[in-house]
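All of these numbers come straight from a predicted model, not from anything done at the bench. Every heavy atom of this structure was used, including side-chain atoms; hydrogens, water molecules and symmetry mates were not.
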Amino acid sequence: LSPVPSDLVESMAAQCLDVMDVLRKAPNPNPITTKEQIKVAINSNSLEFAEYHTCAASHRLQKMCLELKVLDAVFECTLAAYNYTAGIGRKGLFGDLANAESFRGVQKFCYVCIQCMVRENLRSQKYFTEKCSRVWRLELMNRRRLSLVEDTSMALKNCKLVRRYERWRDLIIDHGEETLGATVTLGQLLHSSEAIVQRLVNNNLMVRFKSLVAKCGPELRFINLFNAICFIE
């Protein structure tokens, strides 16, 4: 894979920061430059980075982000890298890029930005749980879809690349293998309201969650997610 231009990385991070600054009810208590923010993203895990940017958001401005499709645009940014690498096998997301860590940092910015746009806003949260996007997937010849938590490198010869619509709520479970913010975003949704919980918690969620824990181990982000599910049950 070709390296991602550094100015693109900085530009994407700056755009996410601009959206979060607009949504804040109070001024940013940590006003540092975009390059410094990228360093923070690279050196923090997804949970720490989310806590670093936690803030009360304006519901009026969240509504604008929803109606102007800003939420859609940012979520599509989180999908772009997965679509780009879908058919070539991976050593972790961005694993073959020269500036992989910087771009992984941008993914964290995107997820934190999404969290700001849906935080304590039932309308935005319902929209997120029902929205679909078209994504590229590897599919075995027997039409079973390969999950991102499966080893695709050994099965490429028996697969074909297909494009299909999938719900955002299912996609962020698949993306939970990468420690970039998907699981933290799901945990925030699970802690929101009973209506959202009923949309999210099902056997499919539990099976995918079990696969992630088996593959990645009992990380804090999974423990927090499991606590949310246990509280619901």
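- Side-chain atoms of His175 and Gln107, non-hydrogen and from C-beta on, never get closer than 4.5 Å to each other.
- For Glu76, there are no salt bridge (Lys or Arg N to Asp or Glu O under 4.0 Å) partners two or more places apart in sequence or in a different chain.
- A distance-only check finds a donor-acceptor pair linking the side chain of Asn43 to the backbone of Lys39 [under 3.5 Å].
- At distances below 3.5 Å, not a single donor-acceptor pair connects side-chain atoms of Asn83 with backbone N or O atoms of Val135.
- Atoms OG and CZ, on Ser46 and Arg104 in that order, are 10.0 Å from each other to the nearest 0.5 Å.
- Listed by chain and residue number, nothing satisfies the side chain to side chain donor-acceptor pair (under 3.5 Å) test with Arg134 (two or more places apart in sequence, or in another chain).
- Summarising the geometry, atom CZ belonging to Arg137 is positioned 6.0 Å from atom CG belonging to Leu171; distances are rounded to the nearest 0.5 Å.
- Ring planes of Phe49 and Tyr52: parallel class, angle under 30° (limits at 30 and 60°).
- A donor-acceptor pair is defined here as one N or O able to donate and one able to accept, closer than 3.5 Å; such a pair exists between the side chain of Glu36 and the backbone of Thr33.
- There is no path of hydrophobic side-chain contacts, each under 4.5 Å, that joins Tyr165 to Trp136.
- Residue pairs meeting the salt bridge (charged side-chain N to carboxylate O under 4.0 Å, His left out) criterion with at least one member in residues 42-62, sequence neighbours excluded, do not occur.
- Taking Asp72 as the reference, Lys131 meet the salt bridge (Lys or Arg N to Asp or Glu O under 4.0 Å) condition, with sequence neighbours excluded.
- Note on ring orientation: taking the six-membered ring where Trp is involved, the planes of Tyr111 and Phe75 are perpendicular (angle over 60°, cut-offs 30° and 60°).
- With rounding to the nearest 0.5 Å, the separation of NZ in Lys108 from NE2 in His53 is 11.0 Å.
- Side-chain atoms of Leu66 and Lys63, non-hydrogen and from C-beta on, never get closer than 4.5 Å to each other.
- Counting only heavy atoms from C-beta outward, the side chains of Glu130 and Trp168 never approach each other to under 4.5 Å.
- Pairing each heavy atom of Leu189 with each of Ile172, the nearest pair is CD1-CD1, 4.4 Å.
- Residues Cys65 and Leu23 have side chains in contact (heavy-atom distance under 4.5 Å, counting atoms from C-beta outward).
- Atom SG of Cys113 is separated from atom CG of Leu71 by 8.5 Å, given to the nearest 0.5 angstrom.
- Cluster membership check: Val162 does not share its hydrophobic cluster with Leu79, using side-chain heavy-atom separations under 4.5 Å among Ile, Leu, Val, Met, Phe, Trp and Tyr.
- Taking Gln62 as the reference, Asn121 meet the side chain to side chain donor-acceptor pair (under 3.5 Å) condition, with sequence neighbours excluded.
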query = For Ile114 and Phe128, what are the C-alpha separation, side-chain angles and deciding distance, and is it a side chain to side chain contact (heavy atoms under 4.5 Å, CB included)?
reply = CA-CA 10 Å; Ile114 290 168; Phe128 188 97; 3.8 Å; yes
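- Glu10 and Thr34 are not linked by any side-chain donor-acceptor pair at a separation below 3.5 angstrom, with hydrogens and angles left out of the test.
- One distance of note links OG of Ser133 with CZ of Arg164; it measures 14.5 Å at 0.5 Å rounding.
- Heavy atoms of other residues, nucleotides or ligands lying less than 6.0 angstrom from CD of Glu120 number 12 at most.
- No side-chain heavy atom of Met117 sits less than 4.5 Å from a side-chain heavy atom of Met20.
- In this view, Arg123 and Glu67 satisfy the salt bridge (Lys or Arg N to Asp or Glu O under 4.0 Å) rule, not counting sequence neighbours.
- The closest donor-acceptor contact from the side chain of Arg167 to the backbone of Cys132 lies at 3.5 Å or more, if one exists at all.
- Side chains of Cys110 and Thr78 form a contact here, defined as non-hydrogen atoms less than 4.5 Å apart.
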